[in-house]
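Contents: one structure, followed by commentary.
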Protein chains: 2
Amino acid sequence: MVLMTETDQLHEMVGGRLARSGQRYTDGRRDLVDALADQDGPLSMAAILERVPGMPQSSAYRHLTVLASCGVVHRIAGADDVGFFELTDELSGRHHHHVLCGECGSVGDIESSDDLEDALARAARITASRTGYAIDAHRIDLVGTCPDCLSSGAAPVRAG
Amino acid sequence: MVLMTETDQLHEMVGGRLARSGQRYTDGRRDLVDALADQDGPLSMAAILERVPGMPQSSAYRHLTVLASCGVVHRIAGADDVGFFELTDELSGRHHHHVLCGECGSVGDIESSDDLEDALARAARITASRTGYAIDAHRIDLVGTCPDCLSSGAAPVRAG
DNA sequence: ATTTATGCAAATCGTTTGCAAACCT
DNA sequence: AGGTTTGCAAACGATTTGCATAAAT
């Protein structure tokens with residue numbers, strides 16, 4: 001292979017992970033991965049179906065289950081617990097967190113910072129020693145109102 | 001009132017909030033609040049129904065909706081998106097986050113720290129300026145394996 | 001009396017599954 | 001051929017709702 005694009009590399013990694021789980025990397029799964037990779041943030045099921053025309057919802061869910069089981073995708077819960085899906089940190093190559101809009105339920109990605117990660121690591125250590133949990137991950141969501149909802153006047157009423 | 005217990009104060013606050021929303025503080029709602037207050041961590045619907053015998057599930061959900069709308073209770077999503085319910089920070093008087101067990105799906109409370117809250121505040125400020133979101137809350141979950149699941153040998157397989 | 005709360009059963013929504021046909025190796 | 005994946009339709013589990021009754025003000 002003389003030339004290898006980022007997307008090719010991604011597909012190679014995904015194929016590898018699927019193969020290791022004894023699964024095949026079929027067109028449907030590839031399309032799904034493409035849709036997620038083309039995106040900056042997590043996609044809802046509705047958004048996935050729009051971006052992968054002709055894919056039945058049940059197949060999309062099934063693919064996502066398979067891909068999740070080999071660490072390719074990841075489900076996150078939006079403000080109203082609707083599912084959003086995205087490539088895992090390992091595949092996207094960046095550790096990140098999420099911002100949720102409490103108005104429209106949309107979800108976006110945000111970068112993490114060393115500052116925050118360090119504080120989290122300390123919190124995890126403390127929690128482990130106090131509770132006996134073995135901590136191996138964290139999730140952070142900032143919750144607020146997205147620019148769109150802010151400008152469309154649907155500003156939330158804050159307690160006061 | 002010569003003597004006022006912590007629980008009395010809690011009920012008074014809840015009653016006030018309900019009243020301000022034009023709602024009544026009925027026995028069922030009181031029982032629910034008692035169940036949540038007796039508890040150190042968030043309760044699943046099943047746990048609530050155990051602790052409030054005779055309450056129909058639909059009523060429990062309805063009460064929780066009402067109580068949530070006036071800031072008395074709060075729903076959080078467990079590792080598998082099953083709902084857990086607890087009193088809000090304002091009523092319990094302590095800001096806290098959660099630990100989720102990825103094995104059994106249980107949820108526990110953990111205290112926050114100034115360290116972590118400061119880092120979060122900085123992250124929120126950065127996110128606001130980069131994304132245009134108005135951030136007004138955050139949620140942090142540490143995900144791992146609880147002591148019970150650890151000891152019952154169901155230790156998770158880590159990638160390696 | 002009038003408004004709000006409750007119980008029951010039926011509906012809803014996101015998600016999962018059984019089964020038979022299509023696919024890959 | 002032999003196992004895997006896909007599509008469809010039906011099943012599911014958590015949560016919500018319509019409606020008629022009971023309770024609170």
Side-chain angles (χ1 to χ4, degrees), chain A residues 11 14-33 35 42-50 52-70 72-86 100 104-107, chain B residues 11 14-33 35 42-50 52-70 72-86 100 104-107:
Chain A
H11 286 309
V14 173
R17 290 189 176 229
L18 281 166
R20 251 167 275 135
S21 305
Q23 306 268 14
R24 294 169 189 166
Y25 198 16
T26 58
D27 290 350
R29 293 172 181 182
R30 190 175 299 259
D31 291 346
L32 191 27
V33 168
L43 291 176
S44 65
M45 176 53 63
I48 288 173
L49 297 180
E50 273 174 24
V52 188
M55 175 170 291
Q57 199 181 42
S58 64
S59 295
Y61 275 117
R62 231 179 317 219
H63 292 325
L64 289 168
T65 304
V66 170
L67 292 168
S69 75
C70 60
V72 172
V73 307
H74 181 234
R75 180 189 195 277
I76 61 182
D80 42 2
D81 282 319
V82 186
F84 283 74
F85 303 87
E86 64 183 354
L100 319 182
C104 65
S106 64
V107 182
Chain B
H11 285 309
V14 174
R17 289 189 176 229
L18 282 166
R20 251 169 274 135
S21 304
Q23 306 269 12
R24 295 167 188 167
Y25 198 16
T26 59
D27 290 351
R29 291 170 183 184
R30 188 174 301 257
D31 290 346
L32 229 183
V33 168
L43 291 177
S44 66
M45 176 52 63
I48 289 174
L49 296 180
E50 273 174 24
V52 188
M55 175 170 292
Q57 198 180 44
S58 65
S59 295
Y61 274 116
R62 229 179 317 222
H63 291 149
L64 288 167
T65 304
V66 170
L67 291 168
S69 76
C70 60
V72 172
V73 306
H74 180 237
R75 179 191 196 276
I76 61 181
D80 43 1
D81 282 319
V82 186
F84 283 74
F85 303 87
E86 64 182 354
L100 319 182
C104 66
S106 64
V107 181

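Convention: sequence-line order gives letters A, B, ...; per-chain numbering from 1.
- Among residues two or more places apart in sequence or in another chain, the side chain to side chain contact (heavy atoms under 4.5 Å, CB included) test is passed with S59(B) by M55(B), P56(B), H63(B).
- Note: CG (L32(B)) to C1' (dT6(C)) measures 13 Å, nearest angstrom.
- Separation of atoms CZ (R29(A)) and CG (D27(A)) is listed at 11.0 Å; rounding is to 0.5 Å.
- The salt bridge (Lys or Arg N to Asp or Glu O under 4.0 Å) test applied to R75(B) returns D81(A), not counting sequence neighbours.
- Between the side chain of R30(B) and the backbone N or O of H11(B) there is no donor-acceptor pair closer than 3.5 Å.
- Atom CG in L49(A) sits 9.0 Å away from atom CG in L32(A) (nearest 0.5 Å).
- At whole-Å resolution of the value, CZ in R30(B) and P in dA24(D) are 12 Å apart.
- Between the CG atom of D81(A) and the P atom of dT15(C) there is a distance of 10 Å, given to the nearest Å.
- Interatomic distance, CD1 of I76(B) versus CG of L100(B), reported as 7.5 Å (0.5 Å rounding).
- Atom-to-atom, CE of M55(B) to P of dC8(C) comes out at 12 Å; the value is rounded to the nearest Å.
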Starting at the 5' end of nucleotides 16-25 of chain C, put B wherever the base has a protein heavy atom under 4.0 Å, S where only the sugar-phosphate does, and a dash everywhere else. BBBB----B-
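- Of the residues near DNA chain D, V66(A) and V82(B), the one whose nearest nucleotide (by heavy atom distance) lies more toward the 5' end is V66(A).
- Contact check, Q23(B) against dT4(C): no side-chain N or O comes under 4.0 Å of OP1 or OP2.
- Taking atom CG of residue L49(B) and atom P of nucleotide dC8(C), one finds them 13 Å apart after rounding to whole Å.
- G22(A) comes within 4.0 angstrom of nothing in the nucleic acid, heavy atoms only.
- Note: NE2 (H63(A)) to P (dT15(C)) measures 16 Å, nearest angstrom.
- With rounding to whole Å, R29(B) atom CZ is found 12 Å from dA24(D) atom P.
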